[in-house]
Amino acid sequence: MSYVHTLLFGLYPYLAGSVFLIGSLLRFDHGQYTWKAGSSQMLSSRNMRLASNLFHVGILVIFFGHLVGLLTPHWVYAPFMSAGTKQLVAIVVGGIAGVMCLVGGAMLAWRRLTNARVKASSGPMDTVIILLLVLQVSLGLLTIIPALGHLDGGVMLRLASWAQAIVFFQGGAAEHLVGIGLIYQLHILVGLTIVLVFPFTRLVHVWSAPLGYLMRRYQIVRRRA
């Protein structure tokens, strides 16, 4: 195993994770006026609802699918689901969500690059992050091609072992990815880069998801007499 491989898949994840957490905390503490989604719907609403809904629904399914799929130990689902079956479910669900995310993200990226009003109100990182997300979901969809060639779930188990080794601070995480396909490596590296730049983009608004609205009391509004 080369030093570069260890650097990219053994050390880079911790660098990206550290910047992600510390950077988010510092931005929340020192730059709360920049802590926002920065919606541009008022500037141009054409196809905005369709693009935004496709993108957000798709990316939420992908995120939680990766979270559960990669961080759930094999022994948890082994009694009722084989690795091959789990991989097939991931391909189908992830493929549908990926297409939704790609279409919506491409529409949003095109809008940000070509709409004069939206472009004028966008910062450099706004463009960078949407292009990175479109690239990442494209790479994710491309991994389906080699995945269909090995439906035994072997590669998926290696990816899960790597993710669990990183998250739970186990040694030798990079060893799980030795010999893994280039498309998987690119997908992981772009994903880690998104984590790295997260605090410097509008993505920080996901920390402030309005979950409180789901549990708040009803508001009674009465007309004036």
Side-chain angles (χ1 to χ4, degrees), residues 12-72 93-94 97-98 100-113 115 117-137 140 163 166-168 187-188 190-221:
Y12 186 41
Y14 291 111
L15 171 64
S18 298
V19 174
F20 170 78
L21 294 174
I22 298 172
S24 295
L25 180 61
L26 290 176
R27 182 171 176 185
F28 180 77
D29 190 44
H30 296 286
Q32 290 195 19
Y33 288 110
T34 68
W35 192 278
K36 57 184 179 178
S39 175
S40 58
Q41 187 172 0
M42 294 182 63
L43 300 176
S44 175
S45 60
R46 184 180 180 184
N47 294 327
M48 177 67 179
R49 179 173 297 181
L50 174 63
S52 182
N53 287 339
L54 284 173
F55 175 75
H56 284 91
V57 171
I59 205 167
L60 285 173
V61 172
I62 292 171
F63 173 77
F64 287 107
H66 279 68
L67 191 67
V68 175
L70 291 176
L71 298 184
T72 303
V93 177
M100 292 175 62
C101 186
L102 178 60
V103 172
M107 291 173 67
L108 293 175
W110 178 256
R111 175 177 175 272
R112 191 163 296 280
L113 291 170
N115 187 295
R117 299 181 69 189
V118 176
K119 187 176 182 179
S121 67
S122 302
M125 288 306 297
D126 296 332
T127 304
V128 169
I129 195 60
I130 188 62
L131 292 177
L132 273 177
L133 289 169
V134 170
L135 172 61
Q136 177 67 341
V137 73
I166 291 294
V167 172
F168 301 120
H187 187 52
I188 291 171
V190 174
L192 291 173
T193 302
I194 291 173
V195 172
L196 179 74
V197 302
F198 177 97
F200 314 106
T201 70
R202 62 176 61 201
L203 289 182
V204 292
H205 75 276
V206 304
W207 285 116
S208 303
L211 300 179
Y213 284 100
L214 301 176
M215 297 173 284
R216 72 174 183 175
R217 292 184 176 184
Y218 290 106
Q219 292 181 340
I220 301 176
V221 181

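Numbering of residues begins at 1 and proceeds along the displayed sequence.
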Flag the pair [X] / [Y] as yes when at least one side-chain heavy-atom distance between them is below 4.5 Å, and no otherwise.
X: L25; Y: L21; value: no
X: V134; Y: L102; value: yes
X: F200; Y: I129; value: no

Atom [atom1] in [X], atom [atom2] in [Y]: separation rounded to 0.5 Å?
X: S24; Y: D29; atom1: OG; atom2: CG; value: 12.5 Å
X: H56; Y: M100; atom1: NE2; atom2: CE; value: 12.0 Å
X: I188; Y: Q136; atom1: CD1; atom2: CD; value: 9.5 Å
X: I130; Y: L203; atom1: CD1; atom2: CG; value: 8.5 Å
X: I59; Y: L133; atom1: CD1; atom2: CG; value: 5.0 Å
X: L135; Y: H187; atom1: CG; atom2: NE2; value: 10.0 Å

For the CZ atom on F28, are there more than 12 heavy atoms of other groups (residues, nucleotides or ligands in this structure) within a distance under 6.0 Å? no

Heavy-atom count around Y14 OH within 6.0 Å, excluding the residue itself: above 12?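 More than 12 heavy atoms, drawn from other residues, nucleotides or ligands, come within 6.0 Å of this atom.
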
Do you know the tightest heavy-atom contact between [X] and [Y]?
X: A16; Y: V195; answer: O-CG1, 3.7 Å
X: L50; Y: M107; answer: CD2-CE, 4.1 Å
X: L108; Y: A51; answer: CD2-CB, 3.8 Å
X: G98; Y: I62; answer: CA-CD1, 3.7 Å
X: M125; Y: V197; answer: CE-CB, 4.1 Å
X: L196; Y: V19; answer: O-CG1, 3.4 Å

What do the steps show when you test R112 against K119 for side-chain contact (heavy atoms from CB on, under 4.5 Å), and what is the final call? CA-CA 5 Å; R112 191 163 296 280; K119 187 176 182 179; 5.9 Å; no

Look at the aromatic rings of W207 and F198 and report parallel, tilted or perpendicular, splitting at 30° and 60°.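 The arrangement is perpendicular - the two ring planes meet at more than 60°.
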
For H30 and L26, indicate whether the former's side chain and the latter's backbone hold a donor-acceptor pair under 3.5 Å. no

